[in-house]
Amino acid sequence: MFGLVDGNNFYASCERVFQPELIGKPVVVLSNNDGCCIARSDEAKALGVKMAQPIFEVAPHIRNQLIIRSANFGLYGDLSGRIVTILRDLFARVEVYSIDESFISFEGVRDRIQAAAEARARILQWTGIPCCVGIAPTKTLAKAANKLAKKHPSGVSVIDNPSDQLKHFPVADVWGVGRRLTARLGEDGILTARNLLDANPDTLRARYGVTLARTQRELQGLVCTDLQDAEPDRQQIVCSRSFGHEIIQQQDLHEAVATFAVMACEKLRARRLKASGVWVWLNTNAFKLGQAQYHPGKAMNFVAPTSDTREVLTAASALTRAMYRTGYQYKKAGVGLLDLTQCDQQQGDLFAGEDVRSTRTMAVLDQVNQKYGRGTLGFAMSGWRRTPQWGMRQENLSKAFTTKWDQLLRVV
DNA sequence: TCTGGGGTCCTAGGACCC
DNA sequence: TCTGGGGTCCTAGGACCC
């Protein structure tokens, strides 16, 4: 039996933990650049604010009633980690699926509903985040059960008889069925999870592929994917942002790309990985139809896998220079590190050998920044410590209550 | 005025091998 | 008349997730 523990309206709930005056109010959390609504409290949902809706499209008389926050991922990540710690303490096996969801295994647990209720209560008391738990024989069913639990006063729901319990469950809400599939399935008369469960497996496999065939079996209660206790190594690390203002000058673009490259390399070394290649792309604003559009991307490989920021910066800069064209207004850029390998499983370079100086330099850089704060040491190429004119819009950012000493909550 | 960011998996088709 | 069969690797595109 699997359980899925999911924080309710997670980002909005995180904002409420240290700002209790937001409880009972319609809270909305925006994406980077204060663009779209990516979390809504129940009160905000009741006002009709949609998921992923651009905030400027929300009618002014509704917007006036909302409490709006800019995304504060440092805070959400920290609270997420605390929830995972609690779960690992309570359950033998935990798979962290996303920032607000974890699968758990009930191996060795006698009373699952009781255990789920206790976990909920402890998470609420220790972190302030309300959660729901779905319990079922497969992960796909546990996801569905979690959805049902959101409407159940106990916050816990069990699916043990799927064909009966999923009669009215919209197929669009099934894990692995997105917008496109929902539309196609609708044409075939498959509207509910029960319809999908009952569909002819051979036809389904032929028309929709193995992924949906697996989803069907999971809905029937046959386990197709087990818990992944250990997080698999990343295949790529990507860092990209939209700009607060469009960029015209090449120098600004170089600084933006360099900033993303520095961040990507930090993530790379934190996971003890090296990259064999780097990929840079640029984008004009696709929403501005009248504007000249340009979205180039270019990649290159390193001689040997590296985690040295300087090497990645040199490559990223060369790629940016090769792609830059005057006459465009750039709105977004990104850097990807590709073909990642573990540091200790690296193919050696026959001629160069391992560069110990590079490893040590990067280690010092990371240690200083960890101890004295991000950006204490930086790279001039990234326009380090200058406030860039292309920076993100974050007009309603709450404090880093749990991750910065100077922003701790003051109790007066 | 204003529209996120970071991932994974699957499939089809082309190039190439024997 | 009549031109195979089986495999790998890579890439691009599509679909999905939160």
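In what follows, chains carry the letters A, B, and so on, assigned in the order in which the sequence lines appear, proteins first and then strands, with residues in each chain numbered from 1.
- Note on A:V29: nothing from the nucleic acid sits closer than 4.0 angstrom, heavy atoms only.
- In the set B:dG6, C:dC17, B:dT3, the nucleotide with an atom closest to the side chain of A:C36 is B:dT3.
- Two rings, from A:W175 and A:F103, have their centers less than 6.0 Å apart.
- With C:dC18, B:dC2, B:dT11 as the choices, the nucleotide that has an atom nearest any side-chain atom of A:D100 turns out to be C:dC18.
- Atom CZ in A:F243 sits roughly 15 Å away from atom P in B:dC2 (whole-Å rounding).
- In this structure, of B:dT3, B:dT11, B:dG5, it is B:dT11 that holds the atom nearest to the side chain of A:R205.
- Heavy atoms of A:R214 sit under 4.0 angstrom from primed sugar atoms or phosphate atoms, though from no base atom.
- In this model, the phosphate group of B:dG7 is approached by a side-chain N or O of A:R234 to a distance below 4.0 Å at OP1 or OP2.
- A pairwise comparison of heavy atoms in A:L47 and A:P26 identifies CD1-CB, 3.8 Å as the closest pair.
- Taking every side-chain heavy atom of A:Q235 into account, B:dC9 is the closest of B:dG6, B:dC9, B:dT3.
- Looking at heavy-atom distances under 4.0 Å, A:I99 makes no contact with the nucleic acid at all.
- We find that CD of A:Q394 is positioned 13 Å from C1' of B:dG5, with the value rounded to whole Å.
- Rounding to whole angstrom units, CH2 of residue A:W279 and C1' of C:dC10 are separated by 16 Å.
- Atom CD of A:Q293 has more than 12 heavy atoms from other residues, nucleotides or ligands within 6.0 Å.
- Between A:R241 and the phosphate of B:dG6, there is a side-chain N or O to OP1/OP2 separation shorter than 4.0 Å.
- Rounding to whole angstrom units, CE of residue A:M263 and C1' of B:dG5 are separated by 10 Å.
- Residues A:I237 and A:I38 each lie close to DNA chain B; by heavy-atom proximity, the contact nearer the 5' end of the strand is made by A:I38.
- Here A:N32 lies in heavy-atom contact (under 4.0 Å) with sugar-phosphate atoms only.
- Heavy-atom nearest nucleotides on DNA chain B were determined for A:V238 and for A:K288, and the one closer to the 5' end corresponds to A:K288.
- Heavy atoms of A:F73 sit nowhere under 4.0 angstrom from any nucleic acid atom.
- Residue A:W281 places its CH2 atom among more than 12 non-hydrogen atoms of other residues, nucleotides or ligands, all under 6.0 Å distant.
- The nucleotide C:dT8 finds its pairing partner in B:dA15, both defining distances of the Watson-Crick or G-U wobble pair being shorter than 3.5 Å.
- Counting non-hydrogen atoms under 4.0 angstrom, A:D34 reaches nothing in the nucleic acid.
- The shortest distance between the side-chain N/O atoms of A:S31 and the OP1/OP2 oxygens of B:dT3 is not below 4.0 Å.
- OP1 or OP2 of B:dG5 lies within a sub-4.0 Å distance of a side-chain N or O belonging to A:S242.
- In this structure, the nucleotide among C:dA15, B:dG6, C:dC17 sitting nearest to the side chain of A:W175 is C:dC17.
- Classification of the A:Y294-A:Y328 ring pair by plane angle, with boundaries at 30° and 60°, yields parallel.
- Between A:K332 and B:dG5 there is a side-chain polar atom (N or O) within less than 4.0 angstrom of OP1 or OP2.
- Atom-to-atom, CD1 of A:I55 to P of B:dC2 comes out at 15 Å; the value is rounded to the nearest Å.
- Tested against A:L268, the residues A:D308, A:I237, A:V312 include a single side-chain contact (heavy atoms from CB on, under 4.5 Å) partner, A:I237.
- Note on A:Q53: nothing from the nucleic acid sits closer than 4.0 angstrom, heavy atoms only.
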